[in-house]
Amino acid sequence: MPLELFNTLSGKIEPLFASDGTALRMYCCGPTVYDYGHIGNFRTFLHVDVLRRAIRMFGITPRHVMNITDVDDKIIRNAAAAQLPINTYTARYEKAFFEDMQALGCETPEAIARATENIDGMVSLIERLAQQDIAYKVEDGSWYFRIARFPDYGKLSGKDLEGIQDGARIDSDEYEKDSARDFALWKATKPGETSWDTPLGTGRPGWHIECSAMAMKYLGDSFDLHAGGEDLMFPHHENEIAQSEAATHVPFARHWFHVRFLLVEGKKMSKSEGNFYTLRDLLLKGHRASAIRFLLLSVPYRHQLNFTFDGLTESTNAIERLRTFHQRILTGKWPTLAVANNNDPVLSNLIAQGDTNFTASLANDLNTAEARAAIFDVIRAVNTAADRNTLTQPDADATLALLAKFDTIFAVLNDTDAELTKAALAWAEAEGRMADVSTEVLEKFGANSLTDAAIDALVADRTKAKAQRNFARADAIRNELLEKGILIEDSKEGVRWKRK
RNA sequence: GCACCGGUGGCGAAGUGGCUAACGCGCUGGUCUGCAAAACCAGUAUUCAUGGGUUCAAAUCCCAUCCGGUGCUCCA
């Protein structure tokens, strides 16, 4: 079964493969590091993460390059306002970005490419275009791409040139262009602005050129897949194709992958709507990193996702069930799991079917919703068998193997939520953002929160009270802990507790 | 204005021509428990925005209407 994925360029679902027979070369448009990443950004990166994980699950090696845009108008403006050199300014946000990616369980790409470290490549690419008279310089020293010389322009986004021309807003800074549609390859700078002295003149790169130059540097003139958020389709990716193919005369990326925007509480996320959330905002409010990952992945990448706090609660609960089940199979406890001797072929088949369904769902254009459902089907069946003492060791093993497979994609079973929230809390403290921390988080993880030892002591008290059949005392302790977010569970195997 | 996507149970969401409309969360009742929790069992949409049409057969295709969202400009 091949892994198939919708290709924006062809408008069809097509199999993915490594055209060089070794590795699937993919380029993903990364962040512009001028601020902390928000959940919209991460929906895209999370689905790219699932894509690369799925590629590996299907036996293909990914070679994934992601860029960091560390120079652009906003960075220059904000760095100047902060009176910092741009690299000092961007370094903190780049660091934060990778911390956030890790918190969300994203794997690190095989290569990271920074725009400011690849100016030479961009300059030579523009020079190649200039030799063909496709790039031209205007009086102020900026260079533009002559769209009229690239007849395929618009093939990705399906735009016709006339429409663009009519709708184009003319930027007052961009004068002397041959056509309003032509886009900047190299921007002349004003004295004092961040700039590079190059054969093209003094200036800085246009936005699109970095991705063309860096993708080609790391992956070759032609490569397998290019990814990004849906907004990048036009003009960014369209312009990348134009620049690259006009220079090389070979196809740029074969397969284009675009992730749809999310809504927040039914509306487009924006600062003015007051529904704009960074990952850090959510962690400080007490939401778990794993629940955020799971929620953002629960709706397939080509569908709009409505991010809500109810949805986050739902995901938190769903993950609890997954983890509880995983622990049950792993430990044979909570509730007790007795191993049966007689094999139940119906159950064995069900587990195998779950495995097949999981794989098939991902193969079908990364249907993460269906893949998720396949796992829950198995969970219910195996729990039922376990409760009836009909689960055999081979079936338990097969279930664990399936969970492991599930987790190579979803990566939510391993519980690191508490440490991630603590790290966010430490960050808030260091940055003077304690006002953003919810009381719930402070109670659970702040300086006055209960230590594990203190909880264990209270639990021991309660167990003693229970042994004396002093249930009033036992329940009082349980309620006291519950108010502090600690949930106690009794079972035949003894008592366990967890932080809610 | 032009282009496009979507409207499925209380909520989220899969399914895009043919078995009883997945799955998750929630809720109700039961089993277990001192009581809870966890887990299980049963119940939770005779119906897929609305109206018309095509078809032996439609949530799935066509037309119209209403509603939500997106792009055309920096944006994941």
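Keep in mind that this is a model prediction, so the values were computed, not measured. Chain letters run A, B, ... following the sequence lines, proteins first, then strands; residues in each count from 1. Atom set for the values below is all heavy atoms of this structure, side chains included, hydrogens, waters and symmetry mates excluded.
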J.: Can you tell me the Watson-Crick or wobble partner of B:C32, both distances under 3.5 angstrom?
T.: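 B:C32 is paired with nothing.
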J.: Could you tell me whether the phosphate oxygens of B:A14, OP1 or OP2, come under 4.0 Å of any side-chain nitrogen or oxygen in A:N367?
T.: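 So the side-chain polar atoms of A:N367 never come under 4.0 Å of the phosphate oxygens OP1 or OP2 of B:A14.
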J.: Could you tell me whether A:H303 contacts a base, only the sugar-phosphate backbone, or nothing, with contacts defined as non-hydrogen atoms closer than 4.0 Å?
T.: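 Touches sugar-phosphate only.
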J.: Does the structure show a Watson-Crick or G-U wobble partner for B:C19, both distances under 3.5 Å? Name it, or say none.
T.: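 B:C19 is unpaired by these criteria.
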J.: For A:V299, answer base if it contacts any base atom (sugar-phosphate contacts may also be present), sugar-phosphate if it contacts only those atoms, and nothing otherwise; contact means non-hydrogen atoms under 4.0 Å.
T.: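 It contacts sugar-phosphate atoms only.
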J.: Is it the case that more than 12 heavy atoms not belonging to A:R302 sit under 6.0 Å from its CZ atom?
T.: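 Yes, because the 6.0 Å sphere around CZ of A:R302 holds more than 12 heavy atoms from other groups.
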J.: Once you apply the 3.5 Å cut-off to both distances, tell me the Watson-Crick or G-U wobble partner of B:U44, or none.
T.: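 Matched B:U44 with B:G26 under the 3.5 Å cut-off.
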J.: When the P atoms of B:U44 and B:A22 are considered, how many whole Å apart are they?
T.: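 To the nearest whole Å, 11 Å.
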J.: What nucleic acid atoms does A:I375 come within less than 4.0 Å of, heavy atoms only: base, sugar-phosphate, or nothing?
T.: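 No contact.
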J.: Give a yes or no on whether a salt bridge exists between A:R204 and A:D72, defined as a side-chain N under 4.0 angstrom from a carboxylate O.
T.: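 Salt bridge between A:R204 and A:D72, a charged N being under 4.0 Å from a carboxylate O: no.
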J.: Dump every N/O contact between nucleotides 18-23 of chain B and the protein below 3.5 Å, one line per pair.
T.:
from: B:C23; atom 1: OP1; to: A:R380; atom 2: NH2; distance (Å): 3.4

J.: For B:C66, what is the paired nucleotide under Watson-Crick or G-U wobble rules, both distances under 3.5 Å?
T.: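 Across any shown strand, B:C66 pairs with B:G7.
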J.: What's the spacing between A:L279 CG and A:H287 NE2 if we round to 0.5 Å?
T.: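 Reported to 0.5 Å precision, the distance equals 11.5 Å.
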J.: For A:Q243 and A:S212, indicate whether the former's side chain and the latter's backbone hold a donor-acceptor pair under 3.5 Å.
T.: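 No.
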J.: So A:Y36 and A:Y93, would you call those rings parallel, tilted or perpendicular, with 30° and 60° as cut-offs?
T.: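 Perpendicular.
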J.: Would you say A:N306 reaches B:G12's phosphate, i.e. side-chain N/O to OP1/OP2 under 4.0 Å?
T.: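 For A:N306, the contact criterion (side-chain N or O under 4.0 Å from OP1 or OP2 of B:G12) is not met.
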J.: Check this one for me: any side-chain N or O of A:H47 less than 4.0 Å away from OP1 or OP2 of B:A76?
T.: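 Negative; the distance criterion is not met.
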J.: Given A:Y27, which of A:H255, A:H226, A:H64, A:H237 fulfils the ring pair (Phe, Tyr, Trp, His ring centres under 6.0 Å) condition?
T.: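 When A:H255, A:H226, A:H64, A:H237 are each tested with A:Y27, the ring pair (Phe, Tyr, Trp, His ring centres under 6.0 Å) holds only for A:H226.
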J.: For A:P300 and A:M269, find the nucleotide of RNA chain B closest to each by heavy atoms; which residue's nucleotide sits nearer the 5' end?
T.: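 Whichever sits nearer the 5' end wins; that is A:P300.
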J.: Say we look at B:G68 and B:G12: how far apart would their P atoms be, to the nearest angstrom?
T.: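 These two P atoms come out 16 Å apart once rounded.
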J.: Regarding A:G311, tell me which of base, sugar-phosphate or nothing describes its non-hydrogen contacts under 4.0 Å with the strands shown.
T.: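 Answer is nothing: A:G311 stays at 4.0 Å or more from every strand.
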J.: Per the atom types in the model, does the base of B:G24 pair as donor or acceptor with the side chain of A:E314 at under 3.5 Å?
T.: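 Between B:G24 and A:E314, which were checked side chain against base, a qualifying N/O pair under 3.5 Å is present.
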J.: Nearest to the side chain of A:E230, which nucleotide is it out of B:A76, B:C5, B:U70?
T.: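 Shortest atom-to-atom distance from the side chain points to B:U70.
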J.: Report the distance from atom CZ of A:R260 to atom P of B:C4, rounded to the nearest whole Å.
T.: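 In whole Å, B:C4 P and A:R260 CZ are 13 Å from each other.
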J.: For A:Y144, is the NZ or CZ atom of A:K187 found under 6.0 angstrom from the centre of its six-membered ring and inside 45 degrees of the ring axis?
T.: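 So A:K187 doesn't make the cation-pi contact.
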J.: Indicate, with a heavy-atom threshold strictly under 4.0 Å, whether A:P31 touches base, sugar-phosphate, or nothing.
T.: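 A:P31: no heavy atom of the nucleic acid under 4.0 Å.
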J.: Looking at A:E210, A:M214, A:E94, which one forms a side chain to side chain contact (heavy atoms under 4.5 Å, CB included) with A:R114?
T.: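 The side chain to side chain contact (heavy atoms under 4.5 Å, CB included) with A:R114 is passed solely by A:E94 among A:E210, A:M214, A:E94.
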J.: With heavy atoms under 4.0 Å as the rule, sort A:G266 into base, sugar-phosphate or nothing.
T.: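 Contact class for A:G266: sugar-phosphate only.
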J.: Mind checking whether A:F6 and A:F257 have ring centres under 6.0 Å apart?
T.: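 Ring-ring flag for A:F6/A:F257: false, centres at least 6.0 Å apart.
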J.: Within the pair A:W207 and B:C75, is there a side-chain N or O less than 4.0 Å away from OP1 or OP2?
T.: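 True: A:W207 side-chain N/O within range (under 4.0 Å) of B:C75 OP1/OP2.
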J.: How long is the line joining CG of A:N275 and P of B:G69, in whole Å?
T.: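 Rounded to the whole Å, the gap is 12 Å.
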J.: Mind checking who B:G1 pairs with, Watson-Crick or G-U wobble, both distances under 3.5 Å?
T.: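 Its partner is B:C72 (Watson-Crick or G-U wobble, both distances under 3.5 Å).
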J.: What is the ring orientation for A:H258 with A:W256, classed by angle as parallel under 30°, tilted 30 to 60°, or perpendicular over 60°?
T.: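 Ring orientation, 0 to 90° scale: parallel.
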J.: What contact category does A:L305 fall into here, base, sugar-phosphate, or nothing, at under 4.0 angstrom with non-hydrogen atoms?
T.: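 A:L305: no heavy atom of the nucleic acid under 4.0 Å.
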J.: Taking only the C1' atom of each, what is the distance from B:U54 to B:C41 in whole angstrom?
T.: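 Result for the C1' pair: 45 Å, nearest Å.
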J.: Is there a side-chain contact between A:T384 and the phosphate of B:C41, meaning an N or O under 4.0 Å from OP1 or OP2?
T.: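 Yes, A:T384 has a side-chain N/O under 4.0 Å of OP1/OP2 on B:C41.
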J.: More 5' along RNA chain B: A:R328 or A:G228, using each one's nearest nucleotide?
T.: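 The answer here is A:R328.
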J.: For B:G71, does OP1 or OP2 lie under 4.0 Å from any side-chain N or O of A:K268?
T.: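 Looking at the OP1 and OP2 atoms of B:G71, one of them is under 4.0 Å from a side-chain N or O of A:K268.
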J.: Are there any protein N/O atoms within less than 3.5 Å of an N/O atom in nucleotides 31-34 of chain B, and if so, which ones and at what distance?
T.:
from: B:G34; atom 1: N1; to: A:D475; atom 2: OD1; distance (Å): 3.1
from: B:G34; atom 1: N2; to: A:D475; atom 2: OD2; distance (Å): 2.6

J.: Would you say the rings of A:F97 and A:F45 are close, in the sense that their centroids are separated by under 6.0 Å?
T.: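 Yes.
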